[in-house]
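Notes to accompany the following structure.
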Number of protein chains: 2
Amino acid sequence: MKTDTVFKRAFNDALDLVSDLADGEQLPSENRLSARLGVSRTTVRKVIATLAGRGIVDGGGRHRVVRSGGKQVRRFPEAETVPMGEQVERRFMEWMLRDNARPGMTINELELARQFGVATTGIREFLNRFQHYGLIEKRPNAGWVFKGFTTSFALELFEIREMFELRSARAFAALPAGSPLWQRIEALRQEHVALLGEIESRYHDFSDLDSRFHRLINSAAPNRFIDDFYDIITMIFHYHYQWNKHDERQRNEVAIREHLTYIDALLGRNVTIVELACRAHLASARDTLIKSTSGQDAGPGAVAPGVATGNAD
Amino acid sequence: MKTDTVFKRAFNDALDLVSDLADGEQLPSENRLSARLGVSRTTVRKVIATLAGRGIVDGGGRHRVVRSGGKQVRRFPEAETVPMGEQVERRFMEWMLRDNARPGMTINELELARQFGVATTGIREFLNRFQHYGLIEKRPNAGWVFKGFTTSFALELFEIREMFELRSARAFAALPAGSPLWQRIEALRQEHVALLGEIESRYHDFSDLDSRFHRLINSAAPNRFIDDFYDIITMIFHYHYQWNKHDERQRNEVAIREHLTYIDALLGRNVTIVELACRAHLASARDTLIKSTSGQDAGPGAVAPGVATGNAD
DNA sequence: GATCTGTCTCTTATTGGTAAAAACCAATGC
DNA sequence: GCATTGGTTTTTACCAATAAGAGACAGATC
């Protein structure tokens, strides 16, 4: 059976939406709600039906009005609104980065399925998508091997990242003065400055800003393979940051300053300076990541040794 | 139910293996056969049982002998030895490159499943893996869109390919004189010369040689993301060549000559010349590919126009 | 005493089936 | 006559079940 996370999330969103409406006001049309909530009309109707069942909307057909009179409505718990695929992803990343995973070990679909409480198909689908992140490998008819979040993984990742980012940064610097991207990067610069001002309290907002910044650079000369690769980066960093909180404020502050230098170089249109700033920033990001890798790769076919990660979490 | 393609292929291979043995000779041990055929002992035992059932091996337990006395054994048809995953891949590529597929059109899992005679899960699994080849895109809860084998796909593909290949070629040229790769490239050079000599009859052997050559270059400085990307190239070219036979001999001959120039440049260790030869070869490969793309991309959300592929096959 | 086979257990590949969600086709109202 | 809603059909997301294949553990054999 399909999960009804789509419905539950839509329902919660609808509650927020309705709470802005006065009592007795007309409910927007199904089509409108469908567009607003980002789901099909079928789901919208289910939401409205439930809303009606709880007395939040009244009347049928074309005359539905909001009845928000001080009612305390029960929302669906957050956990039930996240689709299975994402849940599997999260738990797998946790499992990999925090718990068991040793380079060279084999991954057992059935075991993960039991552990995560989903059918094997869900695990399979995830692993298949995850495969091209370069951390696991398939052995037909015999499961998967975890290749390890190792130093060479990080090095290889950053070699490509640097190639791509330099290429995009050059393209960005060469953009005509009239390009709308110049305004967007100016706006991002402001966001950086603002964040730096409140760094003490808001430092975990950096992750999102970081991603948006680098994607903007890449958009100067779009290439689907680069975008695709950047998904890997985003994923790795997203979970890496969640896991490794050590020195987070400090690290982010440094990164923001590097970004500002980088942005200013771009605004200055000087390719040499741009390359310098870009390289410097990536080098520091790389070093941070390397610090939390598990060291050596697995030997060919062999199970890895004890592995001293040096991580005193 | 799982398909038994593994067994059938192993059986056919075992027949070849046994036919080299004289009548009355001892059959190799299960372990040995397992290693030789690349399957588990479980499958080997099934093979032996079938072989025995058909009177090709005789005796049980530890004393099994071959009885090949002029028997005409029925092999399993080739088609039944190819695993479902591969079959889906082939048929999908056919479908995409030859038949229906128009940029912007939506892909229907259920329809493909019926058409290919497999369960939807098989299609799903394939599409998930295929996703990162950049030709399709997933719309959660609403199927997949075919983005089209367009000119911009080819251009984006080759932009990355050039970055990667130049980087690897430079690394190759900088290899120490003692590296075993120098011998391997020398050997590949010989193969090129040999193929050129018999180009009239053997021109379709180029595809394989091409792939091996570029992978050798890449192996000068291994990077899993580059390897991964090269899988895309290989796939595209594999099916592209099968589809577009136009001028094949001619094209391959040109490519071989370009390779030879490229190889000689590498052997000469002169980076400037290497880059020149590499760029020239890739440019010509790119132009060939572009000739068989479907022209424009799909507009945002719109279905593509009539599409004049200009392909007079 | 290492290799081989018989037996058993566990995992993977694949299939159908089912509820959720999307998409479609009228009919209706203003 | 266009947007809106009520029913219906199609498609996607998931699970449970099952045969094929891999791997482990003995006891048997030379």
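Chain letters run A, B, ... following the sequence lines, proteins first and then strands; every chain starts at 1.
Contact annotation: the side chain of A:F146 approaches that of A:M96 to within less than 4.5 Å [non-hydrogen atoms, C-beta and beyond]. Two residues are said to be in side-chain contact when any heavy atoms from C-beta on lie closer than 4.5 Å; A:Q131 and A:L127 fail this criterion. B:T43 is not listed as a side-chain neighbour of B:L37, based on a closest heavy-atom distance of 4.5 Å or more.
Atoms CZ (B:R124) and C1' (C:dA13) sit 16 Å apart, rounded to a whole Å. Atoms CG (B:N108) and P (C:dC24) sit 11 Å apart, rounded to a whole Å. Summarising the geometry, the separation between CG on A:L127 and P on C:dT11 is reported as 15 Å, rounded to the nearest angstrom. We find that CZ of A:R62 is positioned 11 Å from P of C:dT28, with the value rounded to whole Å. When rounded to the nearest whole Å, the span between CZ of A:R45 and P of C:dC24 equals 15 Å. Atom P of nucleotide C:dT15 and atom CG of B:L110 are separated by 14 Å, given to the nearest angstrom. Atom-to-atom, CD of A:E111 to P of C:dT11 comes out at 8 Å; the value is rounded to the nearest Å. Regarding B:I123, its CD1 atom lies at a distance of 17 Å from the P atom of C:dA13, rounded to whole Å.
Nearest-nucleotide mapping onto DNA chain D: of A:M84 and B:V6, the residue sitting toward the 5' end is A:M84. Annotation: of the two residues near DNA chain C, B:A142 and B:E125, the 5′-most nearest-nucleotide partner is B:E125. Toward the 5′ end of DNA chain D lies the nearest nucleotide of A:E30, the other residue of the pair A:T3 and A:E30 mapping further downstream. Between B:R64 and B:N141, the one whose closest nucleotide on DNA chain C sits nearer the 5' end is B:R64.
With sequence neighbours excluded, the residues that form a side-chain contact (heavy atoms from CB on, under 4.5 Å) with A:D23 are A:R67, A:S68. Partners of B:R91 under the side-chain contact (heavy atoms from CB on, under 4.5 Å) rule, at least two apart in sequence or in another chain, are B:F116. For B:T42, the side-chain contact (heavy atoms from CB on, under 4.5 Å) test picks out B:S40, with sequence neighbours left out.
Within the nucleic acid shown, A:T120 has no heavy atom closer than 4.0 Å to any nucleic acid atom. Among the atoms of the strands shown, base atoms are found under 4.0 Å from some heavy atom of A:T42. Counting any heavy atom pair closer than 4.0 Å across all strands shown, B:S29 reaches sugar-phosphate atoms only and no base atom. Across all strands, B:G122 comes closer than 4.0 Å to no nucleic acid atom at all (heavy-atom distances).
Considering only side-chain N and O atoms, A:R114 lies under 4.0 angstrom from the phosphate OP1 or OP2 of C:dT11. Residue A:K138 has a polar side-chain atom (N or O) positioned under 4.0 Å from OP1 or OP2 of C:dA13. A:H63 has no side-chain polar atom (N or O) that falls below the 4.0 Å cut-off from OP1 or OP2 of C:dT28.
Although no hydrogens or angles enter the test, the distance criterion places no donor-acceptor pair under 3.5 Å between the side chain of A:E156 and the main chain of B:I226.
Within a 6.0 Å radius of CZ in A:R212, more than 12 heavy atoms belonging to other residues, nucleotides or ligands are found. Dense packing is recorded around CZ of A:R75, with more than 12 heavy atoms of other residues, nucleotides or ligands lying under 6.0 Å away.
Extent of DNA chain D lying under 4.0 Å from chain B heavy atoms, first and last nucleotide in 5' to 3' order, is D:dT11 to D:dC30.
Under the ring pair (Phe, Tyr, Trp, His ring centres under 6.0 Å) criterion, no residue pair touches residues 34-55 of chain A, with sequence neighbours excluded. Applying the salt bridge (charged side-chain N to carboxylate O under 4.0 Å, His left out) test to pairs two or more places apart or on separate chains, those with a residue in residues 109-123 of chain A are A:E109-A:R124. Applying the ring pair (Phe, Tyr, Trp, His ring centres under 6.0 Å) test to every pair with at least one member in residues 40-60 of chain A, sequence neighbours left out, gives no pairs at all. Among pairs with a residue in residues 44-90 of chain B, those fulfilling ring pair (Phe, Tyr, Trp, His ring centres under 6.0 Å) read B:F7-B:F76, B:F11-B:F76, at least two apart in sequence or across chains. Each ring pair (Phe, Tyr, Trp, His ring centres under 6.0 Å) pair with one or both residues in residues 25-48 of chain A, not counting sequence neighbours, would appear here, but there are none.
Of all the residues in residues 10-28 of chain B, not one reaches under 4.0 Å from DNA chain D with any non-hydrogen atom. Heavy-atom distances under 4.0 Å link DNA chain D to A:N31, A:R41 of residues 31-41 of chain A, given in residue order.
Between the side chains of B:R215 and B:T234, at least one donor N or O sits under 3.5 Å from an acceptor N or O.
Over its length, the helix from C:dG1-D:dC30 to C:dC30-D:dG1 turns its helix axis by 30°, as judged from the five terminal pairs at each end, rounded to 10°.
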